[in-house]
Amino acid sequence: MKITIVCVGKIKEKFYSEAIAEYSKRLSRYCNLEILEVADEKTKEQASETEMELIKNREGERILKVVKEDSYVIALAIDGRQYDSIELSRHLEQLGIRGKSHISLVIGGSLGLSEKVLARADEKLSFSKLTFPHQLMRVILLEQIYRSFRIMNHEPYHK
């Protein structure tokens, strides 16, 4: 299975980079992992709704350029479906069984995802009703994908 993480912005903090590298290494035995970063837009402090929509649309265009046509797209969104770890593992496994060999998970920038990206998504996934920094969300997502593969393979995982 190929897993592509598409995310807006670069990781600036070393501790996030180290965690991402660790989970990427762990995942290499289970899947072909690719992390694609697209440029983020600067958002001024008092941006209007119109300016924020323009920013999301620009970032969304960049996201859509790198999402492959044959990829099953899961957008991370606060109003998406929530799973526990076992349910997520079963869901990813079922996608593979149904022939979805390339899954792209999309993490938006600080303003979220554009309507075009959400329309392209095959489904929306939420990890919580809380809002997380997108850099931290990348780590959380990778950890949950790793945990999912551990569960799929009947290997121990922290409960």
Go through the steps to decide whether Val67 and Arg120 satisfy the test side chain to side chain contact (heavy atoms under 4.5 Å, CB included), and finish with yes or no. CA-CA 9 Å; Val67 170; Arg120 167 60 179 93; 3.9 Å; yes
Looking only at the side chains, is there a donor atom on one of Ser104 and Ser71 sitting less than 3.5 Å from an acceptor on the other? yes
Which atom pairs, one a donor and one an acceptor, fall under 3.5 Å between side chains of residues 54-61 and the rest of the protein, sequence neighbours left out?
from, atom 1, to, atom 2, distance (Å)
Lys56, NZ, Glu53, OE2, 3.2
Asn57, ND2, Glu53, O, 3.2
Arg58, NH1, Glu41, OE1, 3.4
Glu59, OE2, Glu41, N, 2.9

Looking only at non-hydrogen atoms, find the nearest pair between Ile78 and Ser126 and report the distance. O-OG, 3.3 Å
On a heavy-atom basis, which atom in Ala75 and which in Ala121 lie closest, and how many Å separate them? CB-CB, 3.8 Å
Can you find a heavy atom in the side chain of Ile5 that is under 4.5 Å from one in the side chain of Leu36? no
Determine whether Val106 and Val73 satisfy the following criterion, side chain to side chain contact (heavy atoms under 4.5 Å, CB included), listing intermediate values before the conclusion. CA-CA 7 Å; Val106 181; Val73 177; 3.9 Å; yes
Same cluster for Leu33 and Ile140 if Ile/Leu/Val/Met/Phe/Trp/Tyr side chains link at under 4.5 Å? yes
Determine the minimum heavy-atom distance between Ala39 and Arg62, stating which atoms define it. O-NH1, 2.9 Å
Distance col, row Glu37:CD vs Ile107:CD1, nearest 0.5 angstrom, shows 10.0 Å
Can you pull the side chain to side chain donor-acceptor pair (under 3.5 Å) pairs that have at least one residue in residues 12-24, sequence neighbours excluded? Glu22-Arg26
Would you call Ile97 and Gln94 a side-chain contact if the rule is heavy atoms closer than 4.5 Å? yes
What is the minimum heavy-atom distance between Ala19 and Val139, and which atoms define it? CB-CG1, 3.8 Å
Within the 6.0 Å centroid threshold, strictly below: His102 and Tyr72: no
Would a 4.5 Å heavy-atom cut-off, applied to side chains only, mark Glu87 and Gln82 as touching? no
What's the separation between atom CE in Met1 and atom CZ in Phe149, rounded to the nearest 0.5 Å? 5.5 Å
Counting distance only, does the side-chain N/O of Arg150 pair as donor-acceptor with the main-chain N or O of Pro156 below 3.5 Å? yes
Side-chain contact, heavy-atom cut-off 4.5 Å: Glu34 with Ile3? no
To check you understand the geometry: which heavy-atom pair defines the closest contact between Leu130 and Ser128, and what is its length? N-OG, 2.9 Å
More than 12 heavy atoms of other residues, nucleotides or ligands under 6.0 Å from CD of Glu115: is that the case? no
Distance from Asn32 atom CG to Leu27 atom CG, nearest 0.5 Å? 11.0 Å
So with a 6.0 Å cut-off around NZ of Lys116, is the heavy-atom count from everything else above 12? no
Examine distances only and state if a side-chain atom of Asp84 and a backbone atom of Ile86 form a donor-acceptor pair shorter than 3.5 Å. yes
Go through the steps to decide whether Arg81 and Leu125 satisfy the test side chain to side chain contact (heavy atoms under 4.5 Å, CB included), and finish with yes or no. CA-CA 5 Å; Arg81 179 162 177 198; Leu125 172 66; 5.6 Å; no
Using a 4.5 Å cut-off on heavy atoms from C-beta on, say whether the side chain of Leu111 contacts that of Thr43. yes
Point-to-point distance, once rounded to the nearest 0.5 Å, from NE2 of His134 to SG of Cys7: 8.5 Å
Determine, using the 4.5 Å side-chain heavy-atom cutoff (strictly less than), whether Met152 and Leu141 are members of one ILVMFWY cluster. yes
Answer yes if Leu76 and Val117 sit in the same cluster of Ile, Leu, Val, Met, Phe, Trp and Tyr residues linked by side chain heavy atoms under 4.5 Å apart, and no otherwise. no
Spacing of CG belonging to Leu92 relative to OH belonging to Tyr30, to within rounding of 0.5 Å: 14.0 Å
Does Glu49, at its CD atom, have more than 12 non-hydrogen atoms belonging to other residues, nucleotides or ligands within less than 6.0 Å? no
Taking salt bridge (charged side-chain N to carboxylate O under 4.0 Å, His left out) as the test, write out the residues that go with Glu51, two or more places apart. Lys44
Co-membership, hydrophobic cluster, residues Val8 and Leu64, 4.5 Å side-chain: yes
Spatial distance of atom CD1 (Ile74) from atom CG (Leu105) [nearest 0.5 Å]: 4.5 Å
Evaluate Gln144 against Leu88 for side chain to side chain contact (heavy atoms under 4.5 Å, CB included), listing each step before the verdict. CA-CA 8 Å; Gln144 284 299 304; Leu88 180 61; 4.2 Å; yes
Among the clusters formed by ILVMFWY side chains lying less than 4.5 Å apart, do Ile63 and Leu118 turn up in the same one? yes
